[in-house]
Amino acid sequence: RGGGPGAGPFNGGPPPCGGMMMSPFMMQGGKISMTQLAGALSNMLGRPVIDKTGFTGAFDLHLEYSPEGLAMGRGGMPMPPPPPGANPNDNPSPNIFTAVQEQLGLKLESQKAPGDTLVIDHAEKATEN
């Protein structure tokens with residue numbers, strides 16, 4: 001479900017074009033791409049998320065979820081602080097996988113795929129040129 005004018009606490013609607021705002025319980029964006037959504041989900045989950053939808057348009061986004069199972073703050077992007085007085089145990093929202101499926105109509109599927117690995121086997125202090 002997309003956020004429209006008046007949706008969510010971010011100044012009465014989604015952030016401006018191409019912008020995304022996230023909290024431990026919500027992600028909201030205005031005119032974002034599937035590439036941006038996949039990147040945000042990659043950071044949240046601590047593993048690559050690849051867009052296989054073929055959708056090339058932009059959309060508004062309002063997604064509510066629980067922080068359960070997220071990698072944020074554990075090697076992913078830093079966990080933003082919860083709102084004042086918020087209790088994570090009071091959040092009735094589903095986990096991110098269920099939220100993405102129920103609220104956006106998308107399915108996050110775990111798959112094994114070949115990937116490039118960069119290995120640094122030697123490093124030296126840089127010299128002045």
Checking [X] now: which residues fulfil side-chain contact (heavy atoms from CB on, under 4.5 Å) with it, not counting sequence neighbours?
{"X": "Phe59", "result": "Ile32, Met34, Leu37, Phe55, Leu61"}
{"X": "Leu108", "result": "Leu41, Leu45, Val49, Phe97, Val100"}
{"X": "Lys112", "result": "none"}

Legend entry - Gln101 (side chain) donor-acceptor with Thr98 (main chain) under 3.5 angstrom: no

Inset, instruction - Could you tell me whether the side chain of Asp60 and the main chain of Lys31 form a donor-acceptor pair under 3.5 Å? - result: yes

Legend entry - Under the side-chain hydrogen bond (donor to acceptor under 3.5 Å, both in side chains) test, residues paired with Glu109 that sit two or more places apart: Gln111

Legend entry - Nearest-0.5 Å distance, CG of residue Leu63 to CE of residue Met22: 10.5 Å

Legend entry - Separation of Met21 CE from Met27 CE (nearest 0.5 Å): 13.0 Å

Inset, instruction - Write down the atom of Glu64, the atom of Ala99, and the distance for their closest heavy-atom approach. - result: O-CB, 3.4 Å

